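Note that this is a predicted model, so its numbers are computed, not measured. Side chains included, hydrogens not; waters and symmetry mates left out as well; all remaining heavy atoms used.
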Amino acid sequence: MSETTVKQTVLIVREKSVALAVVLGFFFGPFGVLYASLLAGGLSILGVFLLSLVTGGLGGLFVWVFFSILGGVLVSNKNKKLREELLTK
């Protein structure tokens, strides 16, 4: 009889929390989006700064809730993409 060996690889990945992304986006606005993505966070901070300059600060307040949603969506998409990549390997 021949012996066969099975090699098993275990990948440990840490997903980001969607709830935490939403809470950070709600309380810290564009700075909370940094948790989800550095690029999106940086662009959000720049966008709010420019919007606030043009509107005298009011524009930044109106888009504040948007960052809550944006953070949650970005983290959810990132986690989904990560799971798909792991399943294809």
All N/O donor-acceptor pairs, side-chain side in residues 40-48, below 3.5 Å, sequence neighbours left out:
unit_1, atom_1, unit_2, atom_2, d
Ser44, OG, Ala40, O, 2.7

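- The stretch residues 63-80 participates, sequence neighbours left out, in no salt bridge (charged side-chain N to carboxylate O under 4.0 Å, His left out) pair at all.
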Show me the side-chain donor-acceptor pairs of residues 18-25 shorter than 3.5 Å, one per line, residues at least two apart or across chains.
none

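- With hydrophobic clusters built from ILVMFWY side chains whose heavy atoms lie under 4.5 angstrom apart, Val73 does not share a cluster with Val33.
- The salt bridge (charged side-chain N to carboxylate O under 4.0 Å, His left out) analysis of residues 12-41, with sequence neighbours excluded, yields the pairs Glu15-Arg83.
- How far CG of Leu82 is from CG of Asn77: 12.5 Å, rounded to the nearest 0.5 Å.
- For residues 50-69, the set of pairs meeting the side-chain hydrogen bond (donor to acceptor under 3.5 Å, both in side chains) definition, not counting sequence neighbours, is empty.
- Note that CZ of Phe28 and OH of Tyr35 are 13.5 Å apart. Values are rounded to the nearest 0.5 Å.
- Across all their heavy atoms, Ala36 and Gly71 have their closest contact at CB-O, 3.8 Å.
- Atom-to-atom distance recorded for Leu74:CG and Leu34:CG is 11.0 Å, nearest 0.5 angstrom.
- Under a 4.5 Å side-chain heavy-atom cut-off, the cluster of Ile, Leu, Val, Met, Phe, Trp and Tyr residues that includes Val54 has no other member.
- The same ILVMFWY cluster, assembled from side-chain heavy atoms under 4.5 Å apart, contains both Phe27 and Phe31.
- Hydrophobic clustering (side-chain heavy atoms under 4.5 Å, transitive across Ile, Leu, Val, Met, Phe, Trp, Tyr) groups Val75 together with Leu38.
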